[in-house]
Amino acid sequence: MVENASDCLEVRVTASSREEADRICSAVVEERMAADAQKIGPIASTYWWAGQIQHSEEWLLLMKTTVENFEGLARLVQELHSYEVPQIVAVPLMAGTADYLEWIRRETEAPAGRGDVAE
C-alpha cells in the first residue's frame, strides 16, 4: 500500500493575497503542472528584503507534482507572481499510498483521457 515517492514533490509558494493565491493555484492545476493545490492563510511572514526585516500577511500554497514538472510549474508561478523573487521551493515526498502517488503522476501527464479525482 505504501510506495516510494521519489519522483513526486510538494511545492511550496507564498502569495501576497488570496486573489493571487487563487490565480496561481488555478493556473498550475489547469495547465497540469500540479495535480492539486491548497491555500492556507492568511499566515504571518517575517523575512529580510531590501536590507530590512519585513513583516507581512501572505498565503501559503501547497502543490503536488512530479520532479519532471517542477521546472514548468516554477516558470508558470514566476510569470503570474507579483513578487520580484517569489518563494518557490520543492520538498521531496518520501512515501505515500500507491493510489495517491499514481493519481499525482497521472494528473500531471500530457493530456489523454484524464479527469479522475482523488478523494
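What you see is a predicted model, and the numbers here were worked out from it, not measured in a lab.
Side-chain contact of Y47 with S56: a donor-acceptor pair under 3.5 Å is present, judged by distance alone. Side-chain polar atoms of E30 and S26 form no donor-acceptor pair below 3.5 angstrom. Between the side chains of D36 and Q38, at least one donor-acceptor pair of N or O atoms lies under 3.5 Å.
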**Request:** Quick one: do V91 and R12 satisfy side-chain contact (heavy atoms from CB on, under 4.5 Å)? Show the steps, please.
**Result:** CA-CA 8 Å; V91 179; R12 301 175 185 177; 3.7 Å; yes
**Request:** List the steps, then state whether side-chain contact (heavy atoms from CB on, under 4.5 Å) holds for I40 with L62.
**Result:** CA-CA 8 Å; I40 303 169; L62 306 175; 3.6 Å; yes
**Check against side-chain contact (heavy atoms from CB on, under 4.5 Å), M33 and T108** = CA-CA 6 Å; M33 293 289 107; T108 57; over 6 Å; no
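Side-chain contact between R18 and W59 is present, with at least one heavy-atom pair separated by less than 4.5 Å. Side-chain contact between W103 and D99 is absent, with no heavy-atom pair separated by less than 4.5 Å. Here the side chains of M63 and V29 are not in contact, with every heavy-atom distance at 4.5 Å or above. Between I43 and E57 the shortest side-chain heavy-atom distance does not fall below 4.5 Å. Counting heavy atoms from C-beta on, the side chains of T46 and Q54 never come closer than 4.5 Å. Looking at E68 and D7, their side chains never come closer than 4.5 Å, going by heavy atoms from C-beta outward.
Closest non-hydrogen pair, A34 versus L73, comes out as CB-CD1, 3.8 Å. When all heavy atoms are compared, the tightest approach of L61 to C25 is CD2-SG, 3.9 Å. Closest of all the heavy-atom pairs between A5 and R105 is CA-NH2, 4.4 Å. Here the closest non-hydrogen pair linking H81 and A15 is NE2-CA, 3.9 Å.
Note on E71 versus R75: salt bridge recorded, some NZ/NE/NH1/NH2 to OD/OE distance being below 4.0 Å.
Separating the NZ atom in K64 from the CG atom in N69 is a distance of 14.5 Å, to the nearest 0.5 Å.
Linking ILVMFWY residues whenever their side-chain heavy atoms come closer than 4.5 Å, directly or via other members, leaves Y83 and L80 in distinct clusters. Hydrophobic clustering of Ile, Leu, Val, Met, Phe, Trp and Tyr side chains at less than 4.5 Å, counting indirect connections, keeps L93 apart from V67. Hydrophobic clustering of Ile, Leu, Val, Met, Phe, Trp and Tyr side chains at less than 4.5 Å, counting indirect connections, unites V28 with L9.
Listed for the T14 side chain is no donor-acceptor partner under 3.5 Å among the backbone atoms of E58.
Counting only residues at least two apart or on different chains, no side chain to side chain donor-acceptor pair (under 3.5 Å) pair has a member in residues 84-94.
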